[in-house]
Amino acid sequence: MKKFILFNLVLILLSVTSVIAQKSIAHKRAEKMDLGMNLSYLDHYWSGTKSKNFSDFAKVEEANKRKKMFAGIKKAGFSTVRIPICFSAWMDLKRPYNWNNEKGLKMADNFVKWAVENDLIAIIDLHHTEFDNSIPEAKNPERTVNLWLKIAERYKNTDPEKVFFELRNEPRDITAEAWRWEAKEIMKVVRKVAPKHTLVVGFHDWNGRKAMIDSKPFEDKNIIYTFHYYDPFIFTHQGATWAGAGLPELRGVEFPDSKKSPIKTPKTAKGTWVETRINAYKKDANTKKMFTDLKEAKDWSKKHNVPIFMGEFGSYNKFASEESRCRHAKFVYTATGKLDIPSAWWEWNGGFNMFEKGTSKISKCMQEALDSYKLEKSKLKK
Ligand code: GLC
């Protein structure tokens with residue numbers, strides 16, 4: 001009998017250790033990401049001059065003001081900061097693709113340094129390589145590969161436990177195959193220089209959730225896969241001037257669907273996809289459906305045994321009511337807590353922030369939303 005018990009104990013021990021051993025580096029690093037925050041500023045290429053290839057968009061004084069924000073993010077309970085950076089504005093359009101703006105690069109270096117100094121995981125996210133699509137050479141894949149060759153060179157000596165590389169934000173106007181090819185080419189050059197850094201990789205169609213679950217992981221094992229989740233889009237982007245006709249004038253969309261009054265379709269939205277989504281809002285804003293969306297992402301990660309990270313979600317505060325924004329945040333945080341999906345809110349300051357109006361303090365109901373993630377996660381551990 002004693003022998004039998006001992007035998008079983010050894011078996012249990014062996015299976016437990018093999019489960020632990022099976023966890024990849026990417027899995028272990030993803031587990032530490034937990035709650036994340038985007039710190040937007042070095043992606044604001046539109047503040048620059050087009051004839052200068054937007055290269056002058058970032059201002060040193062403005063960048064320096066953000067130093068204390070990293071501490072603020074840490075203090076608010078976040079473990080990860082995603083740093084969107086438009087490196088594209090600081091590199092020549094033509095071969096041999098030299099850097100041409102040391103000032104800009106220094107600001108990027110500082111952001112990464114400040115993140116690490118504040119004990120945050122930093123994601124260096126290559127944002128807006130294509131700008132507004134008005135400069136065709138900008139998004140030439142050969143140039144993007146060269147951007148990464150230089151970015152990897154620049155950050156290869158950072159701690160791979162603390163600094164991750166996100167290959168490209170929201171690839172769009174590109175087929176699944178073309179993006180896959182480009183991503184593999186980028187990986188080849190990055191891996192030569194930085195073999196140990198974790199890569200964060202999303203898929204074509206704006207880092208879409210559907211694009212991810214329709215795709216297969218890459219061969220490289222040290223990757224955390226990413227998707228963005230802005231559903232229901234007409235709620236999260238009402239008032240947005242950059243995301244489609246009809247949205248700038250759209251207001252009064254509540255979350256979940258308001259039983260009181262139907263959403264008024266702005267004239268500018270007539271006949272567009274925005275109108276289609278307005279008509280389908282009841283279905284789109286259904287929390288059961290949304291939970292299923294997120295669960296499908298988690299199921300994909302389990303099926304392929306790869307970690308995932310929801311790199312952007314949030315809502316624009318121009319017209320959306322604070323109550324609705326908080327309900328939306330609470331729903332998504334509760335769901336991602338239950339499903340154990342790390343995420344990064346878009347964004348710390350600017351139009352998607354979580355602050356009480358006119359302050360830089362997270363509002364009470366947004367704090368409750370954040371707490372709901374922690375609560376659900378703590379239940380998983382039991
Ligand atoms: C994407 C865009 C960013 C925008 C955000 C929300 O990250 O790059 O500019 O603010 O989505 O729409």
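Counting convention: from 1, in listed order, for ligands and their atoms alike. Because the structure is predicted, anything quoted here is derived from the model rather than measured.
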Could you tell me if R180 sits above the aromatic ring of F218, with its cationic atom closer than 6.0 Å to the ring centre and no more than 45 degrees from the axis? yes
Would you list the atom pairs, donor with acceptor, under 3.5 Å between side chains in residues 145-152 and any protein atom, with sequence neighbours excluded?
{"unit_1": "N146", "atom_1": "ND2", "unit_2": "E142", "atom_2": "O", "d": "2.9"}
{"unit_1": "W148", "atom_1": "NE1", "unit_2": "L167", "atom_2": "O", "d": "2.8"}
{"unit_1": "K150", "atom_1": "NZ", "unit_2": "Y97", "atom_2": "O", "d": "2.8"}

For ligand 1, list the protein residues that place a heavy atom within a distance below 4.0 Å of one of its atoms, sorted by chain and number. H127, H128, N169, E170, Y230, H237, W242, E312, W346, F352
Show your reasoning for whether ring pair (Phe, Tyr, Trp, His ring centres under 6.0 Å) applies to W90 and Y45. CA-CA 10 Å; W90 305 324; Y45 76 86; over 10 Å; no
Pair F352 and H237, ring centroids less than 6.0 Å apart: yes
Do Y230 and F313 make the cut of ring centroids closer than 6.0 angstrom? no
Pair K377 + D34, salt bridge at N-O below 4.0 Å: yes
